[in-house]
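The next block holds one structure in the form of structure tokens; read it before the comments.
A note on names: the letters A, B, ... follow the listed sequences, proteins ahead of strands, and every chain is numbered from 1. What you are looking at is a predicted structure, and each value in this text was computed from that prediction instead of being measured.
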Protein chains: 2
Amino acid sequence: MKNIPYKIYLEEDEMPRSYQNLRAYMKDKPDPMLNPATLKPVSFEDMRPVFCDACIEQELNVSDKFIPIPEEVFNFYKMYRPSPLVRAYNLEKALDTPAEIYYKFEGTNTSGSHKLNSAVPQVYYAKQQGLKSLTTETGAGQWGTALSMASAFFGVDTKVYMVKVSAQQKPHRKAVMETYGAQVIASPSDTTEAGRKINEMYPGTGGSLGCAISEAVEVAVKTPNCRYVLGSVLNHVLLHQSIVGQETKTALDKYGIKPDVVIGCAGGGSNFGGIITPFMAERLEGKTNTEFIAVEPASCPTLTRGRYAYDFGDIGKVTPLIKMYTLGSGFMPSANHAGGLRYHGMNGTISKLYHDGYIKAVSYEQTKVFEAAEAFAKVEGYLPAPESSHAIKAAMDEALRCRETGEKKKILFCLTGTGYFDLSGYQKYNSGEMSDYIPTDEELEAGFKSLPVTE
Amino acid sequence: MKNIPYKIYLEEDEMPRSYQNLRAYMKDKPDPMLNPATLKPVSFEDMRPVFCDACIEQELNVSDKFIPIPEEVFNFYKMYRPSPLVRAYNLEKALDTPAEIYYKFEGTNTSGSHKLNSAVPQVYYAKQQGLKSLTTETGAGQWGTALSMASAFFGVDTKVYMVKVSAQQKPHRKAVMETYGAQVIASPSDTTEAGRKINEMYPGTGGSLGCAISEAVEVAVKTPNCRYVLGSVLNHVLLHQSIVGQETKTALDKYGIKPDVVIGCAGGGSNFGGIITPFMAERLEGKTNTEFIAVEPASCPTLTRGRYAYDFGDIGKVTPLIKMYTLGSGFMPSANHAGGLRYHGMNGTISKLYHDGYIKAVSYEQTKVFEAAEAFAKVEGYLPAPESSHAIKAAMDEALRCRETGEKKKILFCLTGTGYFDLSGYQKYNSGEMSDYIPTDEELEAGFKSLPVTE
């Protein structure tokens, strides 16, 4: 067996040329999205006012296992991919574990995360369709930055609604997006009906992803030649993120490594869906027994404490209904620093696989997550984003269990991004001012009351 | 000939195992450093109170072409190296140039720059020597971050004096260093005699690298089992940075590429010295005619308008005298955003090679540099540090000249780091509030008056 280096890189010609479609491997498909007006499955035409045509086709495609990556998109990918797959030798040593820990590090591009993987094709498809502008939302700011980068490259105007609490915590994230030419608006804003309504209902709110989505969708629908793009939750986003898992699998296969556990943080589900895709495909084909663990913040426990039901993807109730694990679009998560995981719902495919027992879920309080983040940074060098650090915490716990049992498990996790724009969170943690928040059952019940009646 | 990919990565076993010593290739060696008290060449013993033994040995070594990299240091390098060598296909296209542009990107580690390359061996050597703590200075914050990372890894206490103007512009840089366990003090401070004196002489000053150096050296000398470490200027730092050039050369050699021009920004000279080392070695051996261009800010024009003379490395006049291009240690650079290039002097080896005609130098005003930075970011993706963007600007100008002449030059530059912590500079540029500063001849004359009399 070859020695495993600290970082496994692929050559350009080993990079995936197609997206891998997880749903095509599922015998029991996720329930279709519903048009909230008719409660019938949404059609291509239903979605056209909001989304780019190519993305809708991908959203509705549950049968093709592979969908080719356009040449222009591949050329952009070549600028920042393949991302490194790292063997965490130093973390293993620090934990004194017999386990092998691997992580796919998606933070080496300027957006600082995996988000760029989906921004590139989405902007490319919009450009191909002749669209002039795009709108979106951003939480931690990574998706907004990613979209701004892709928009600058392909020359498409972009307006970003940024969750207000993130905009306040991260003024420099805003500056990055503006440097790439995007217009950034703190949400809820007074530029949309949805924003004004939410500001009235929840005065002084720090906003949420669901709320920013409502604003962005409203503008997209009302502006000619404009569409809305989303950085997570939807299936076409997971499809694009499958390159993360595919690169990982190709790299591991070169060394004959089969992961026993695959771990990812889960907000809307995109990086988790991306890293698990090829491994879950093998499990669904009966070839492996790989375990999958989705990790979420205890403050927004969608999988671990949510309901599996049809719900809106946004707070303004303008999106199609998605069958998913949800806390209810009316659930207002407490302000915490894992901005990118503060979402009431979860991608429908991940939800279905969780419901069917293929995926486990765990949740952690944020002080535990920051503790893991700092321990990781000190031995592995990289300063992780708080979102990503949920996966680190779970991987470390798994490795510590192996120390108890003596198991030599191969643990793989996705390190989605860097924490360079999350230093106010680290400052708070370092100064001991960070507290944890776990919603009470009553608070969750209040959120569930916002679920739409679909039967 | 093989197709040249967007990024050329090396395998772990292709990484350099030795540092390459540029001075060993020079027939005319740089003049020795002098003890300011005796005006005689400094000895090993002279420097022992300030520097680690291993670094002094390297500093004084002008004859060994290669010095082995310790195994523990190499293991740390494997966590974040090799760094990518990028073919800037998209920048070439945007500039419509027949030139080929390559850049070595040193920004993929958490310090965000090449600085980590020297922090790792310096902390390792300190640990080996049994030292308990280290002091240093930092300008833009990249060196301080790098040192904090290495110190956390090897378990050595570290105190960082950070140029006050940078500390104010970049509070989050401070937070990163603190996250890795370092103590950060804005300089000039009241914790040292040097700091108090400078605050008296220049009330309200934003500080400078030279000034922060004085403070850090003072503390190192006065504290038991403590030494001072420096992120640039000195020859052992350039020695460590030679891995940048060596990796680059190995990567280019794989594709049969010989650069016609090698470009780097130059503050103290460390990245410039690092990228040029193996190429300059070949030129000094008479094997090539490669051009070398050092790029500096017009606001701190050390090479282009400075004098070649013996001078102190710091403002407090506690370091040995270095024969170098200098504006005088009394030169107080205007506040600008290229914090890392705001240094009155220049590494002695680079100075000597410039004096002997092997290196050219150019300077740019900062608005032109930010203009180049944004143009680069939009087509190449990476958001560059203002320091690094000086090299980008020079490379773009060289490529545009090739468009005029039709030359197919191969242009190589070092992209030292990312601008994630320089967003206040970008904000200022984007809002049109950034101005340029070029010191008058009178201002330079005032600086030259601080030069020590050595003859």
At a 4.5 Å cut-off on heavy atoms, which part of [X] comes close to chain A: side chain, backbone, both, or neither?
X        : answer
B:Val176 : both
B:Thr179 : both
B:Tyr89  : neither
B:Arg173 : neither

- line: From the list B:Leu116, B:Asn109, B:Leu383, B:Thr108, the residue making the most non-hydrogen contacts under 4.5 Å with chain A is B:Leu383

query: Relative to chain A, which of B:Lys174, B:Glu374, B:Met149 shows the most heavy atom pairs under 4.5 Å?
result: B:Glu374

A:Arg87 and A:Glu92 ion-paired at < 4.0 Å: yes

task: Under 4.5 Å heavy-atom distance to chain B, tell me which part of A:Asp13 shows up: side chain, backbone, both or neither.
output: neither

message: Counting only non-hydrogen atoms closer than 4.5 Å, does A:Asn430 touch chain B with its backbone (N, CA, C, O), its side chain (CB onward), both, or neither?
response: side chain

field: When A:Phe153, A:Tyr382, A:Tyr180 are compared by non-hydrogen pairs under 4.5 Å with chain B, the top option
entry: A:Tyr180

message: For chain B, which candidate among A:Pro82, A:Ala377, A:Gly107 shows the most heavy-atom pairs at distances under 4.5 Å?
response: A:Ala377

message: Using ring centroids (six-membered ring only for Trp), state whether B:Phe74 and B:Tyr124 fall under 6.0 Å.
response: no

Using only atom types and a distance under 3.5 Å, with no angle test, would you say the side chain of [X] pairs donor to acceptor with the backbone of [Y]?
X        : Y        : answer
B:Glu106 : B:Val244 : no
B:Lys393 : B:Lys368 : no
B:Glu178 : A:Gln427 : no

query: Taking the inter-plane angle between the rings of B:His172 and A:His172 on a 0 to 90° scale, is it parallel (under 30°), tilted (30 to 60°) or perpendicular (over 60°)?
result: perpendicular

query: Do A:Glu380 and A:Tyr103 have side-chain N/O donor and acceptor atoms under 3.5 Å apart?
result: yes

